[in-house]
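Labels below follow one simple rule: chain letters A, B, ... track the order of the sequence lines, proteins then strands, and each chain is numbered from 1. Keep in mind it's a predicted model, so treat the numbers as computed, not measured.
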Amino acid sequence: MSLFMDLNLPFTADKKRLKTLLETAAHLGFSTVAINYFHEGQSKGKKEIPKPTPLAQLVDELPIVQGKSRPIKVLNRLTILVSDASHFRHNAAEYRAYDILAVQPTTEKLFHAACMTFDVDIICITVTERLPFFFKRAPINGARERGVMFEVCYAAAIRDSTMRRYTLTNTLALVERNKGKNIIVSSGTDKPLELRGPYDITNLAQLFGMSEVEAKDGVSSNCRSVLLHAETRKTACGIIYTVKTPNDSQPKDGPPLAKKQKTSAS
Amino acid sequence: MVRVKSRYLLCEIHVSDPSKLLLLEDRAITAAVKDAVTSAHGDYGAAQCSIGFSVKYVNAHTGILFLRCPKSSYRLIWSALPFITSVERKGRRISCFLSCLHVGGTIRTCQKFLIRYNTQQLHRMLPKCKTQEEKDQVRRAILSSSTYMLKGKEHKEERD
Amino acid sequence: MQPAVFERVVVKNSPVYQYMKVSLVLEQAQTKLTAVELKHLITTGLKSLYGEVGAAFPFDLLTFEEDTLTAVLRVYSRGLVRLWSSITLLGFFQQQRCAFRVLQVSPYLLALTGNSRDLALDS
Amino acid sequence: MFKQLEKTPRTVLVCERSHLDHEKARLGTHVEQHFFNHKVSLLVPGCDRLPAELDAALNSMRSFLLVRNLPLSQLLEKEFLDQAVYKGSTYGLSYQTRIDEDNCYALLPNGKLVLSVDKDTYETLGLEGKPSQYQRRPAGRYVVSVDLKDRTMSPGGKGHQRVVKALTEHTPLSCDLLLSQHLPGDESPALQSLLSNHKLSEHRPRVSSHVMTSLPCPTLVTSHLQGEQQSCDPQSFLEWLGAVDAGVTFEDQSDGYLSTYECPQPQTVVDAAVRCSVTGLLLPEDIYHLLDVLRRSVLEPKLAPWLALTVHGFQDSPVSWGTAEHGFLSGGENFYTLVLFQNLDYWICMATGPHDACPP
């Protein structure tokens with residue numbers, strides 16, 4: 001098992017709030033978090049894809065993870081709400097600025113496309129409303145073979161009883177189909193009081209029908225796979241890999257996240 | 001492919017006022033069952049029974065229901081059935097209660113059970129019949145159901 | 001001289017109870033809470049997630065410190081996952097946001113006082 | 001109905017009953033083999049002050065070192081091997097590392113260096129190890145065990161060179177390490193001078209004690225380990241001990257609304273009881289010494305018919321008893337409770353969490 005991660009902390013321009021959010025996450029024992037920039041897909045690119053704000057501008061000092069002696073690691077992530085196939089542009093240059101790329105498909109067709117062809121790391125499952133389609137076996141298996149993870153956010157379930165029901169229903173349907181494999185559970189909230197600790201999430205995921213070990217993977221190992229997958233996506237299938245020389249890389253936001261010896265493992 | 005395993009609950013609905021029996025329909029019963037599950041088992045129960053739960057068949061004449069539940073949660077739904085006290089239809093409240101007669105893995109086993117059950121009921125009705133005509137009717141009905149059982153033919157609906 | 005005795009019993013998988021150490025975090029930190037209110041809050045959480053059946057599930061509030069809002073709960077092993085998940089999903093206490101932080105869960109009450117992860121050595 | 005939700009992780013509790021002088025009594029081994037002890041807590045019913053000898057034993061637990069950012073290759077240097085590994089018994093455990101997340105390291109007194117590392121580290125380390133028993137498919141964690149007392153591991157030997165190369169060139173591993181050493185005789189440990197070029201600090205174990213009045217105690221009968229009518233069974237006794245430690249009040253104020261817990265029957269109320277606890281990195285040798293003192297003081301007639309000693313292990317240590325692998329699922333408890341009776345009969349209850357082997 002690897003470090004605990006929460007790969008969905010929505011971006012807020014409010015620096016103070018972001019700071020408390022990071023502090024809470026560190027206090028709860030998350031070693032890595034990803035700040036999520038949400039982008040609603042539109043055709044013809046009317047709206048610009050936001051550029052990630054450099055971390056140094058957001059927080060002055062990264063909080064220390066509880067029970068550890070090192071600071072929390074913060075990544076950038078882009079989530080695109082896709083309601084039409086044209087919303088996702090393959091290999092767009094804007095995506096390169098982000099560490100992790102996620103999509104949230106709204107129709108069955110797009111879900112299928114996202115699982116089978118989209119070059120992404122995470123597919124978000126809608127939890128705030130009734131799923132407009134059923135999960136089919138083929139795309140789910142396709143996603144598993146390509147190493148794409150499904151993401152479930154639990155914060156909506158804390159907020160409201162109806163949403164809790166949708167969260168449970170949709171996740172139960174998903175877990176039924178892919179047997180608890182490649183699912184990650186993340187928060188998806190910008191309120192510190194809606195964050196929960198990794199062991200709480202492990203227990204919560206058992207409600208979705210996952211076993212205890214699978215549930216724990218959902219906050220640790222599977223997240224690590226996401227990061228490695230993101231790495232290979234950015235580095236031509238992980239065959240070619242460049243490392244910045246130490247003298248020009250900044251310790252905070254420069255170096256990539258995966259292991260250095262990635263070159264040999266393709 | 002793995003078959004999705006379900007359980008079928010064969011239930012009888014008892015209505016205090018028999019004339020209202022005809023008002024029953026599947027959507028009203030679905031809502032009543034879902035409400036009962038929600039109040040007895042909360043959001044978790046509601047979520048469990050929103051996947052793969054459906055009312056397969058309602059016979060408004062005899063008050064027979066087939067409920068289809070996923071195998072994993074049939075006990076949860078079953079346990080909530082006794083808490084149903086009324087069914088609401090078009091703003092009218094029909095007070096009733098459900099009793100579960102049989103739990104089967106397929107509709108077919110439930111149907112077989114239902115025929116046997118109805119035959120039994122007819123046998124019990126026979127001594128109570130007052131006129132000869134009624135008796136003949138009941139006898140014919142028993143005969144037809146028994147021959148059905150013997151032939152094992154498919155047929156669409158049960159009538160007694 | 002003592003009679004020679006040596007007896008060994010292995011008990012597997014039969015903890016009757018599980019114990020949880022939780023602390024409540026409230027949006028307005030100055031809010032005070034009594035033990036009865038806390039128990040009621042948890043029961044409400046159980047009821048909304050598991051309905052009447054869940055709310056009837058017994059659990060004990062062994063200790064409660066009002067200054068730190070820290071409590072030790074005891075629950076039958078069967079009900080641990082349900083109690084824990086309903087605590088996790090509790091988001092409101094009297095219209096203000098709240099969150100339960102589960103500090104430790106163990107089948108032995110003794111283990112709650114000997115958590116080595118709390119060992120803090122300042123140098 | 002909620003079958004899936006009713007499962008809890010497996011646990012094992014082993015209870016043994018014997019006499020201190022019995023030839024099969026393995027109390028000493030149990031204490032010695034439980035290498036990394038985090039907390040010792042002692043409950044003495046029937047007195048309001050600990051006997052002086054006992055108090056001294058608790059306060060004389062030796063101090064330990066915390067070395068910051070120590071490269072593991074340091075442990076393989078000739079001087080360290082000479083001073084610490086070949087001589088006496090040295091205990092080392094990485095500090096503030098979690099066994100379900102990070103790499104954890106331990107130096108056992110028998111000269112074994114245990115590295116519990118994740119897959120990435122293992123693959124780059126180039127040392128032979130076994131996949132963790134508790135994460136088999138797919139193996140995410142590996143345990144590498146190096147016997148420093150082996151012949152090939154002597155400085156300059158083939159094995160030694162390989163390990164040094166792995167720890168310096170392949171993946172330079174380092175960690176904050178808790179260290180403590182026991183030397184036979186009255187030789188003073190040389191650890192401090194050995195590692196003087198690192199940032200280190202010495203810590204004394206923290207001692208705290210607490211007096212309780214009118215405490216209801218369950219009645220224990222030595223011969224009834226499985227709990228018969230006149231005696232309390234070990235599980236409820238452990239629960240009661242925990243309740244005393246956690247400060248549970250035994251009288252109920254709310255008519256059972258808040259809690260239905262009560263002291264197991266039959267019970268006797270003692271006027272006063274002393275609870276004393278020590279936290280830090282405690283050596284089995286010190287606990288063994290404490291046991292000797294306990295043995296003498298339990299014979300004092302004014303004390304209660306029994307005393308209870310609980311020793312908690314580190315939750316994140318890679319081993320629990322001996323070299324049995326230890327892990328962490330939702331808890332990593334490994335502790336033992338010793339109940340010593342006046343006739344020198346004893347009970348020992350050893351408990352382990354879900355990712356642990358059965359206690360010896």
Side-chain angles (χ1 to χ4, degrees), chain A residues 4 17 20-21 23-30 64-69 127 152-169 171-172 185 187-212 214-216 219, chain C residues 13 18-29 31 41-42 44-51 54 69 73 75 77-107 111-112 115-123:
Chain A
F4 291 125
R17 188 190 246 183
T20 41
L21 195 65
E23 273 168 5
T24 317
H27 179 75
L28 289 173
F30 289 104
I64 302 282
V65 182
Q66 196 206 14
K68 310 268 177 69
S69 40
V127 289
V152 178
C153 295
Y154 62 83
I158 295 172
R159 231 169 281 152
D160 174 294
S161 168
T162 337
M163 295 216 190
R164 180 182 300 170
R165 230 168 278 176
Y166 291 136
T167 309
L168 282 170
T169 313
T171 323
L172 274 168
V185 188
S187 64
T189 179
D190 53 356
K191 296 182 188 63
L193 279 180
E194 282 176 3
L195 281 178
R196 294 293 184 267
Y199 296 105
D200 295 347
I201 299 168
T202 305
N203 180 72
L204 183 67
Q206 288 183 52
L207 241 66
F208 304 150
M210 294 154 84
S211 77
E212 193 157 14
E214 288 163 357
K216 207 166 172 181
V219 277
Chain C
N13 285 335
Q18 297 268 345
Y19 306 88
M20 303 176 75
K21 195 173 184 182
V22 298
S23 85
L24 181 65
V25 182
L26 290 162
E27 202 170 29
Q28 285 142 19
T31 316
L41 174 66
I42 297 172
T44 330
L46 270 172
K47 189 170 174 182
S48 88
L49 188 58
Y50 294 105
L69 298 180
L73 307 177
V75 63
S77 291
R78 264 171 314 119
L80 174 73
V81 178
R82 273 177 281 166
L83 180 70
W84 192 351
S85 55
S86 67
I87 282 179
T88 310
L89 291 182
L90 257 177
F92 288 95
F93 167 69
Q94 294 174 351
Q95 276 85 49
Q96 66 166 308
R97 282 182 191 283
C98 71
F100 273 101
R101 304 286 179 227
V102 178
L103 304 175
Q104 203 189 350
V105 176
S106 172
L112 293 192
N115 190 353
S116 64
R117 289 192 167 182
D118 296 340
L119 180 72
L121 301 169
D122 30 20
S123 57

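- Considering all non-hydrogen atoms of both residues, C/V81 and A/Q206 come closest at CG2-OE1, 3.8 Å.
- Heavy atoms closer than 4.5 Å to chain A are found in the backbone of C/F100, but not in its side chain.
- With a 4.5 Å cut-off on non-hydrogen atoms, A/R164 touches chain C through its side chain but not through its backbone.
- Below 4.5 Å, heavy atoms of chain C meet heavy atoms from A/A157, A/I158, A/R159, all part of residues 155-163 of chain A.
- A/R196 contributes atom CZ, which lies 10.5 Å from atom CD1 of C/I87 (distance to the nearest 0.5 angstrom).
- Atom CZ of C/R101 is separated from atom OG1 of A/T24 by 6.5 Å, given to the nearest 0.5 angstrom.
- In C/K47, the NZ atom is not crowded: 12 or fewer heavy atoms of neighbouring residues, nucleotides or ligands sit closer than 6.0 Å.
- Between chain C and the residues A/I201, A/L168, A/L28, the largest count of heavy-atom pairs under 4.5 Å involves A/L28.
- For the residue pair A/Y199 and C/W84, the shortest heavy atom distance occurs at O-CZ2, 3.4 Å.
- Residues A/L207 and C/L49 have side chains in contact (heavy-atom distance under 4.5 Å, counting atoms from C-beta outward).
- Between the OG atom of C/S86 and the CG atom of A/L204 there is a distance of 10.5 Å, given to the nearest 0.5 Å.
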